[in-house]
Q: 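Handing you this structure, nothing more for now.
What's counted below: heavy atoms across the whole structure, side chains too, no hydrogens, waters or symmetry copies. On a predicted model such as this, the values are computed, not experimentally measured, just so you know.
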Amino acid sequence: MAVIRYLVTNNQISNKQIIINNLLLNYYSVLPDKKFTNKTLVFLHGWGVDNQLWFKIVPELINKNYSLYFLDLPGFGQSQIPNTTYDVDDYKKIVYEFVEKLGLKKINLIGHSFGGRIAIKIGAENPDFLEKIILVDAAGIIHDSRKKKLLATISKFIKPIFKLTFMQPLRKKFYLLIGSEYLENIKLSKIFTKVVMEDLTHLFSKIKKQVLIIWGRDDKVTLLNDGKLMNKLIPNSKLVVFEKAGHFSFLDQPEEFSNELIKFIND
């Protein structure tokens, strides 16, 4: 949080709202002098968090005079929760409209976990505004849909039990099994169940943009084998594995992450 306070205090990051699809959405931006801006980066966070998690790497990127945009996806951070049961395509459309409304061009799209699902969807369509893609411990591969469906269903029935104080540690472990620690809201719970049921493997070969895949070797939420499969099926991709990192590899090794990101988008 010290990083966030420093950025805000020194006017290095702006906080704004935008209306997309009748939802009030929150986003942050870091905009250097337009004369010297050479790259535009759009960050998509994972499930159950918001884009403030990315701020740890912002100082390194500010020094490169990038234009940075961090969108709180619908239902997270300070953005409104959707009134309907969104799927990945709905979230994809949110990003499309965000890019269009702000007039962004040639963006480098960075997606972590659930944000990676959205980035994959967009990448498979190869829109003109997209320059490169960075997938960070990305979700999108379903290994056993029956198990996922069963666990998601069970979570709805036993959720009231998990509200008891002594059950909190078990609740956290259970939600991790189905890929989320953020199922308290019934609307988001339904969205999550819908999102995790969709396998995106068939889209990998359609991505024609350059893709950097970054993974933590100790990731227990999206396993490294998923990253290897993405690397195998996405034509123009490169896989980088951080040895001492888990699912939030960009937080576990921020300096290494920033170096790989900068090197990739400047190449």
Q: Considering residues, nucleotides and ligands other than Glu255, do more than 12 of their heavy atoms fall under 6.0 Å from its CD?
A: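 12 or below, so no.
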
Q: To the nearest 0.5 Å, what is the distance between NE2 (His202) and CG (Leu200)?
A: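 The CG atom of Leu200 is 7.0 Å from NE2 of His202, to the nearest 0.5 Å.
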
Q: In Å, rounded to the nearest 0.5 Å, how long is the span from CG of Leu102 to OG of Ser29?
A: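 Going from the CG atom of Leu102 to the OG atom of Ser29 covers 8.5 Å.
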
Q: Could you measure the distance from the CD1 atom of Ile118 to the OG atom of Ser113? Nearest 0.5 Å is fine.
A: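 Result: 10.0 Å between the selected atoms.
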
Q: Should side-chain heavy atoms under 4.5 Å link Ile, Leu, Val, Met, Phe, Trp and Tyr, which residues sit in the same cluster as Leu24?
A: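 Result for Leu24 is Ile19.
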
Q: Determine, for Glu198 against Lys121, whether the closest basic-nitrogen to carboxylate-oxygen distance falls under 4.0 angstrom.
A: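 Salt bridge between Glu198 and Lys121, a charged N being under 4.0 Å from a carboxylate O: yes.
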
Q: Before you tell me yes or no, could you show the steps for Tyr69 and Thr40 under side chain to side chain contact (heavy atoms under 4.5 Å, CB included), namely the whole-Å CA-CA distance, both residues' side-chain angles and the distance that decides it to 0.1 Å?
A: CA-CA 8 Å; Tyr69 295 87; Thr40 298; 3.9 Å; yes

Q: Rounded to the nearest 0.5 Å, how far apart are CD1 of Ile94 and OG of Ser79?
A: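 Rounded to the nearest 0.5 Å, the CD1-OG separation comes out at 9.0 Å.
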
Q: Can you name the closest pair of heavy atoms from Leu212 and Glu260 and give their distance?
A: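 Heavy atoms of Leu212 and Glu260 come nearest at CD2-O, 3.8 Å.
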
Q: Which atoms form the tightest heavy-atom contact between Ile110 and Asn108, and what is the distance?
A: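 Heavy atoms only, the tightest pair is CD1-O, 3.3 Å.
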
Q: Could you walk me through whether Val58 and Tyr66 satisfy the side chain to side chain contact (heavy atoms under 4.5 Å, CB included) test, starting with their C-alpha distance in whole Å, then the side-chain angles of each, then the deciding distance to 0.1 Å, before giving a yes or no?
A: CA-CA 10 Å; Val58 165; Tyr66 297 147; over 6 Å; no

Q: Determine whether Leu261 and Phe250 satisfy the following criterion, side chain to side chain contact (heavy atoms under 4.5 Å, CB included), listing intermediate values before the conclusion.
A: CA-CA 10 Å; Leu261 177 62; Phe250 62 98; over 6 Å; no

Q: Taking all non-hydrogen atoms of both residues, which atom of Ile142 and which atom of Asp199 are closest, and how far apart?
A: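 Between these two residues, the closest heavy atoms are N-OD1, 2.6 Å.
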
Q: Are His45 and Leu73 packed together at the side-chain level, in the sense that at least one heavy-atom pair is separated by less than 4.5 angstrom?
A: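 When only atoms from C-beta onward are counted, Leu73 and His45 do touch, with a gap below 4.5 Å.
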
Q: List the atom of Arg117, the atom of Val195, and the distance in Å for their closest heavy-atom pair.
A: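 Distance-wise, the nearest heavy atoms are NH1-O, 3.4 Å.
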
Q: Working to the nearest 0.5 angstrom, can you tell me the gap between Phe257 CZ and Phe242 CZ?
A: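 Those atoms lie 7.0 Å apart.
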
Q: Determine whether a donor-acceptor pair (N or O, by modelled atom type, separation under 3.5 Å) exists between the side chain of Trp215 and the backbone of His247.
A: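 Such a contact is absent between Trp215 side chain and His247 backbone.
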
Q: What residue among Phe70, Phe43, Phe98 forms ring-ring contact (aromatic ring centres under 6.0 Å, His included) with Tyr27?
A: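 Filter result, single survivor: Phe98.
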
Q: Taking all non-hydrogen atoms of both residues, which atom of Leu41 and which atom of Ile265 are closest, and how far apart?
A: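 For Leu41 and Ile265, the tightest heavy-atom pair comes out as CD1-CD1, 3.7 Å.
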
Q: Do the side chains of Lys244 and Asp218 get close enough for a salt bridge, i.e. N-O under 4.0 angstrom?
A: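 Salt bridge between Lys244 and Asp218, a charged N being under 4.0 Å from a carboxylate O: no.
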
Q: Which residues pass the ring-ring contact (aromatic ring centres under 6.0 Å, His included) test with Tyr28, not counting sequence neighbours?
A: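 Partners of Tyr28 under the ring-ring contact (aromatic ring centres under 6.0 Å, His included) test: Phe55.
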
Q: Taking C-beta and beyond as the side chain, do Asn236 and Lys238 meet within less than 4.5 Å on heavy atoms?
A: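 The answer is no, as the side chains (C-beta and beyond) never meet within the 4.5 Å cut-off.
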
Q: Taking only distance into account, with no hydrogens and no angle test, what donor-acceptor pairs under 3.5 Å do side-chain atoms of residues 126-140 form with protein atoms, sequence neighbours excluded?
A:
residue, atom, partner, partner atom, Å
Asn126, OD1, Lys208, N, 2.9
Asn126, ND2, Gly123, O, 3.4
Asn126, ND2, Ala124, O, 3.4
Asn126, ND2, Lys206, O, 2.8
Glu131, OE2, Lys39, NZ, 3.3
Lys132, NZ, Phe264, O, 2.7
Lys132, NZ, Asp267, O, 2.9
Asp137, OD1, Gly216, N, 2.9
Asp137, OD2, Ser249, OG, 2.5

Q: Could you list the donor-acceptor pairs under 3.5 angstrom formed between side-chain atoms of residues 223-234 and any protein atom two or more places apart in sequence or on another chain?
A:
residue, atom, partner, partner atom, Å
Asp226, OD1, His143, NE2, 2.7
Asn231, ND2, Ser237, O, 3.3
Asn231, ND2, Ser237, OG, 3.0

Q: Check side chain to side chain contact (heavy atoms under 4.5 Å, CB included) between Asp50 and all other residues, then give those that pass, not counting sequence neighbours.
A: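 Partners of Asp50 by the side chain to side chain contact (heavy atoms under 4.5 Å, CB included) criterion, ordered by chain and then number, come out as Gln52, Asp72.
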
Q: With side chain to side chain contact (heavy atoms under 4.5 Å, CB included) as the criterion, how do Leu104 and Val42 come out once you've worked through the C-alpha distance, each side chain's angles and the decisive distance to 0.1 Å?
A: CA-CA 9 Å; Leu104 305 184; Val42 175; 3.9 Å; yes

Q: Check for a donor-acceptor pair, side chain of Asn21 on one end and backbone N or O of Leu23 on the other, with a separation under 3.5 Å.
A: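 Not at all, since once roles are kept as given, no pair shorter than 3.5 Å links the two residues.
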
Q: Has the side chain of Tyr91 got a donor or acceptor atom that lies under 3.5 Å from a matching backbone atom of Pro74?
A: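 Looks like yes, one N/O pair under 3.5 Å.
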
Q: Is Lys93 atom NZ crowded by more than 12 heavy atoms from other residues, nucleotides or ligands, each under 6.0 Å away?
A: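 Counting other residues, nucleotides and ligands, NZ of Lys93 stays at 12 neighbours or fewer.
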
Q: Between Ile122 and Ile120, is any pair of side-chain heavy atoms under 4.5 Å apart?
A: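 No - every pair of side-chain heavy atoms lies 4.5 Å or more apart.
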
Q: How long is the gap from CG on Asn65 to CG on Leu68, to the nearest 0.5 Å?
A: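 That separation rounds to 10.0 Å.
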
Q: Parallel, tilted or perpendicular for His112 and Phe248, by the 30°/60° rule?
A: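 Taking Phe248 first and then His112, their aromatic rings sit tilted (interplane angle of 30° to 60°).
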
Q: Are more than 12 heavy atoms, taken from residues, nucleotides or ligands other than Glu100, located less than 6.0 Å from that residue's CD atom?
A: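 No, CD of Glu100 has 12 or fewer neighbouring heavy atoms, counting only those of other groups under 6.0 Å.
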
Q: Check the angle between the aromatic planes of Trp47 and Phe114 and answer parallel, tilted or perpendicular using the 30° and 60° thresholds.
A: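 Plane angle over 60°, so perpendicular.
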
Q: List for me each residue that meets side chain to side chain donor-acceptor pair (under 3.5 Å) alongside Asp252, sequence neighbours excluded, and say none if there are none.
A: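 Side chain to side chain donor-acceptor pair (under 3.5 Å) list for Asp252, sorted by chain: empty.
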
